[in-house]
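As structure tokens, the structure follows; a few thoughts come after it.
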There are 2 protein chains.
Amino acid sequence: MATASDISNAELVLLKVLWQESPLSSADIVERVQRHEEWHEKTIKTMLNRLVKKAVLSYEQAGRKYLYAPLISQQVYQKQVSTRLLDNVFSGSVSGLVAGFAQQGALKSDDVEALKSLIAEWEKDQGGQS
Amino acid sequence: MATASDISNAELVLLKVLWQESPLSSADIVERVQRHEEWHEKTIKTMLNRLVKKAVLSYEQAGRKYLYAPLISQQVYQKQVSTRLLDNVFSGSVSGLVAGFAQQGALKSDDVEALKSLIAEWEKDQGGQS
DNA sequence: ATATAAAGATTACACATGTAGTCCAAAGGC
DNA sequence: GCCTTTGGACTACATGTGTAATCTTTATAT
């Protein structure tokens, strides 16, 4: 099974494209990737191949082309990498993680509103559950 | 300058030891690392060497030994990796990141209390600044 | 039909990383 | 003083990753 730690930074770029829209042909992927990265077409195709081998992407044949699609969802990926960061670097402390962002001024007012809702949710569950 | 992305997972283990206590001799580092990891002494010494070359660690000579110390603080490291995760995987949305944890039940009541304080701080600053 | 272009498969190569082994010099034990 | 151990330096080697070029098989344009 494909785990997020098997996905390199460069590969993540392709995955992001496919999270936005899939399935896509390699030509489409190349075109979209090249909007932001100066990567050679051959490079991108190599990465597509490796991602298929790693079972991160699937493909279906359409004529003589392949149409690629992600086998791992963005949600699952996000969960995996953020959990690893949390455990590995912040000893499991969510607030420690957020505190860093607060210091850097990375907290936007939208974030704060969303955090308040999350906290309210959490407290409701807590009341119901405990 | 040493940036957090130059530090591999295995190397991070050594760095964590030195964040707890430094400077330490290689023998001490080996001993502490081996409390948790089954790594050969030679392996650990190779990594020490590489970390020095990468300017992640410094050393001072003490007789015929070296005493190693981190050149990057845990705070700076945490900031770098969490910012990279945030930008790269969550498009800069702190609340998106936290929402994932909330779903997984990774939020502890300590975290929630700490988050409330952070929010209160943030709102105070906001009032003063805007 | 033939030459060319396009898709994917295969091969290439340098640098990073995990995982040690070997070499050499200094320190200590006896 | 000689042998063994210990510290660090250097060497080794497989696998992963970034970055393509070449090969092979069609499809297509003329």
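- In this structure, A/N49 atom CG and D/dG18 atom P are separated by 15 Å, rounded to whole Å.
- Counting only heavy atoms from C-beta outward, the side chains of B/L12 and B/W19 approach each other to under 4.5 Å.
- In this structure, A/E123 pairs ionically with B/K116, as a charged nitrogen and a carboxylate oxygen lie closer than 4.0 Å.
- At the phosphate of D/dA9, OP1 or OP2 sits under 4.0 Å from a side-chain N or O atom of B/Y66.
- When rounded to the nearest whole Å, the span between NZ of A/K45 and P of C/dT11 equals 18 Å.
- Not one side-chain nitrogen or oxygen of B/S25 sits closer than 4.0 Å to the OP1 or OP2 atom of D/dG7.
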request  = Walk me through it: do B/T3 and B/D6 pass the test side-chain hydrogen bond (donor to acceptor under 3.5 Å, both in side chains)?
outcome  = CA-CA 6 Å; B/T3 154; B/D6 296 330; 5.0 Å; no
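- Looking at heavy atoms from C-beta onward, A/Y68 lies out of side-chain contact with A/L24 at the 4.5 angstrom threshold.
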request  = Take B/S109 and A/Q126 through the test side-chain hydrogen bond (donor to acceptor under 3.5 Å, both in side chains) and record every step on the way to the result.
outcome  = CA-CA 9 Å; B/S109 64; A/Q126 217 56 13; over 6 Å; no
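- Atom-to-atom, OH of A/Y68 to P of C/dA7 comes out at 11 Å; the value is rounded to the nearest Å.
- The nearest heavy atom of DNA chain D to B/A27 and to B/K53 marks one nucleotide each, and the one closer to the 5' end goes with B/A27.
- Here the shortest heavy-atom pairing between A/L107 and A/A102 reads CD1-CB, 3.9 Å.
- One interatomic measurement links the two molecules: OH of A/Y59 to P of C/dG8, which rounds to 10 Å at whole-angstrom precision.
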Atom pairs under 3.5 Å: protein N/O with N/O of nucleotides 12-17 of chain C:
| residue | atom | partner | partner atom | Å |
| --- | --- | --- | --- | --- |
| C/dT17 | OP2 | B/K54 | NZ | 2.9 |

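- Between A/L12 atom CG and D/dT17 atom P there is a gap of 13 Å when expressed in whole angstrom units.
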Nucleic acid footprint by protein, nucleotides 22-30 of chain C - heavy-atom cut-off 4.0 Å, B for base, S for sugar-phosphate alone = B---BS---
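- Shortest non-hydrogen contact noted between A/A4 and A/V81 is CB-CG1, 3.7 Å.
- Distance B/I29 CD1 to D/dG7 C1': 13 Å, rounded to the nearest Å.
- Counting all heavy atoms, side chain and backbone alike, B/K79 lies closest to B/S82 at O-OG, 3.3 Å.
- Protein atom CD of B/E38 is 15 Å distant from nucleotide atom C1' of C/dG18, rounded to whole Å.
- Picking from C/dG8, D/dA20, D/dG7 the nucleotide with the shortest atom distance to the side chain of A/H40 gives D/dA20.
- With rounding to whole Å, A/E60 atom CD is found 13 Å from C/dG8 atom P.
- Using a 4.5 Å heavy-atom threshold, the side chains of B/N9 and A/R84 count as touching.
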